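Can you read through this structure? Questions will come right after.
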2 protein chains.
Amino acid sequence: MTGITATAQPAPGASGLRERKKQRTRDALTRAAMELFTTRGFEGTTVDEIAESVEVSQRTFFRYFQSKEHAALAVEELIEGHFMAALRERPAAEPPLEALRNAVLSTWDDVSTAIHEVVPLDLYMRMCQVVETTPALLAARMRGQAEMEQRLVAEIARREGLDPVLDLRPRVLVAAFGGVIRAASGHWGKCADDSVEQMRRSVEEHINTIGPALTGGWRAPGA
Amino acid sequence: MTGITATAQPAPGASGLRERKKQRTRDALTRAAMELFTTRGFEGTTVDEIAESVEVSQRTFFRYFQSKEHAALAVEELIEGHFMAALRERPAAEPPLEALRNAVLSTWDDVSTAIHEVVPLDLYMRMCQVVETTPALLAARMRGQAEMEQRLVAEIARREGLDPVLDLRPRVLVAAFGGVIRAASGHWGKCADDSVEQMRRSVEEHINTIGPALTGGWRAPGA
DNA sequence: TTGTCAAATGTCAGCTGCTGACATAATCTC
DNA sequence: GAGATTATGTCAGCAGCTGACATTTGACAA
């Protein structure tokens with residue numbers, strides 16, 4: 001009704017009591033899930049336990065989340081939404097890679113406040129580590145990112161006025177970009193540095209490496 | 001014993017009757033799984049049906065495959081093994097991206113014969129389409145590829161004498177490369193052209209696009 | 001307020017993927 | 001051929017997930 005058609009969540013700036021209540025239980029479920037996952041681990045936590053800790057039936061949990069994995073990655077989805085919006089607002093003059101880069105970096109602060117409306121930031125940080133070390137979650141996240149990448153390809157193609165089926169470049173660019181983002185967050189996850197700032201720097205650094213990494217000539221400083 | 005230490009499958013060139021039998025049932029299971037998946041769909045097929053069609057208990061199925069998904073992606077894993085071996089054999093003089101590229105292209109023929117020892121090629125082709133359209137399989141495959149990419153990073157770093165933790169470039173390069181491969185196979189899957197040759201060409205074309213896709217200046221031919 | 005409608009939730013039953021434990025049957029070794 | 005290994009079968013059980021139907025709760029109008 002607000003004009004912002006959501007992905008799967010209830011409308012963000014909703015009006016009625018009903019909508020607000022829905023949003024509340026959804027947030028409560030995500031938070032409860034993340035708290036349990038970060039303490040007992042993902043596989044060590046049952047959906048029943050999550051539901052119970054919010055005093056809701058298991059069936060209700062599955063009405064909010066397609067799967068246990070989706071609950072764990074709810075925040076991730078939120079972030080992707082913000083990023084996509086940021087990309088759409090980049091000036092048309094920016095070349096594709098720069099637009100992607102700037103969208104990531106510019107959206108950073110918005111994102112952390114948006115996250116904080118749902119869960120404490122440090123909980124999210126700890127959750128990232130869990131994701132990075134849980135195969136099932138890694139797989140689910142990668143699937144989500146693949147869907148995201150499809151949307152990115154469409155957007156890039158639109159910006160540049162290209163046919164995303166005939167022209168390979170948007171797909172290739174986005175694939176590379178996505179890979180780099182994954183590499184960055186993986187790197188950040190391992191370093192166990194719990195700051196958003198550090199994460200931002202990691203992403204920036206990785207993006208700046210795209211050029212040098214692909215244009216050979218690595219061995220100048222090495223041997 | 002042949003020097004090719006396998007990933008999880010029984011040793012390829014095994015000696016005893018036991019080993020050969022194991023390999024036979026494993027192959028039979030993969031083939032049965034793929035045949036059922038391609039006709040009834042992945043979710044429309046139960047593990048019991050697969051096991052039954054090979055006249056084996058469900059429990060045995062799970063002794064061969066960690067999950068239903070793993071059975072669907074068994075061939076994929078086989079291919080990755082060949083690719084990894086090919087990469088290790090590339091001359092040390094080749095710069096990283098070229099080595100990756102050549103490993104893919106050079107290994108192509110070996111792969112198709114290796115596949116054919118397990119399943120008919122056209123069955124594999126049809127299976128690729130199923131993977132591309134089944135969310136659970138997409139996720140599982142991406143996870144597998146992520147693991148593969150880690151191994152690739154290690155190998156590239158070794159070749160170049162770099163520390164894969166400190167130096168970002170191997171990770172970034174492999175991420176980009178992996179993304180491109182995914183883009184290529186996705187593109188091939190959509191075009192529904194059932195030839196290996198076409199697939200090879202698609203991969204080659206995509207790899208050659210890496211440079212142009214990243215170095216901006218797209219709008220020369222377009223508008 | 002009250003009554004009506006729609007939407008959210010609870011309850012229950014059931015399927016499917018997957019695993020541990022133990023018994024049985026097949027291969028290997030001598 | 002006897003005994004040690006190893007693969008397989010059987011059984012029981014948990015956890016994720018879904019459809020169907022009953023029940024409650026908020027929305028809206030008379």
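Lettering follows sequence order; numbering is per chain, from 1. These figures come from a predicted structure and were not determined experimentally.
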Would you indicate whether Glu52(A), at its atom CD, is surrounded by more than 12 heavy atoms from other residues, nucleotides or ligands within a distance under 6.0 Å?
-> no
Output the single nucleotide from dT10(D), dT11(C), dT8(D) whose closest atom is nearest the side chain of Arg59(B).
-> dT10(D)
Per atom distances to the Thr25(B) side chain, the nearest of dA6(C), dT8(D), dC17(D) is dT8(D)
Would you mind telling me which of dC18(C), dC17(D), dA8(C) lies closest to the side-chain atoms of Glu69(B)?
-> dC18(C)
In whole angstrom, give the distance that lies between atom CZ of Phe37(A) and atom C1' of dA15(D).
-> 13 Å
Test for a donor-acceptor pair under 3.5 Å between the base of dG26(D) and the side chain of Arg20(A), counting only N and O atoms.
-> no
Is there a donor-acceptor pair closer than 3.5 Å between any side-chain N or O of Lys21(B) and the backbone N or O of Gly16(B)?
-> no
Do the side-chain N or O atoms of Thr46(B) get closer than 4.0 angstrom to the phosphate oxygens (OP1, OP2) of dT16(C)?
-> no
No-hydrogen, no-angle side-chain donor-acceptor test under 3.5 Å, Gln198(A) and Arg201(A) = yes
For Phe65(B) and dT8(D), what is the distance between atoms CZ and P respectively, to the nearest whole Å?
-> 12 Å
Looking at dT18(D), dT6(D), dC18(C), which one has an atom nearest to any side-chain atom of Phe62(A)?
-> dT18(D)
Check whether any side-chain N or O of Lys22(A) sits under 4.0 Å from OP1 or OP2 of dA8(C), and answer yes or no.
-> yes
Distance, rounded to the nearest Å, where Glu52(A) contributes CD and dG16(D) contributes P = 13 Å
Within the structure shown, what part of the strands sits under 4.0 Å from Ser57(A) by heavy-atom distance: base, sugar-phosphate, or nothing?
-> base
In whole angstroms, how far is the P atom of dG17(C) from the CG atom of Leu137(B)?
-> 13 Å
Distance in angstrom units between Lys68(A) NZ and dC14(D) C1', rounded = 12 Å
Between P of dT11(C) and CD of Gln58(A), the distance in whole Å | 12 Å
Rounded to whole Å, CZ of Arg18(B) lies from P of dT6(D) at a distance of 7 Å
Between CZ of Phe61(A) and P of dT9(C) the distance, given in whole Å, is 13 Å
Nearest nucleotide by nearest heavy atom, which residue falls closer to the 5' end of DNA chain D, Ser67(A) or Lys21(B)?
-> Lys21(B)
Check the side chains of Thr209(A) and His206(A) for a donor-acceptor pair under 3.5 angstrom, ignoring hydrogens and angles.
-> no
Please check if any side-chain donor atom of His116(A) sits under 3.5 Å from a side-chain acceptor atom of Thr113(A), or the reverse.
-> no
Counting side-chain heavy atoms from C-beta on, which of dT18(D), dG17(C), dC22(C) comes nearest to Arg63(B)?
-> dC22(C)
Side-chain N or O of Tyr64(A) closer than 4.0 Å to phosphate OP1/OP2 of dT9(C) = yes
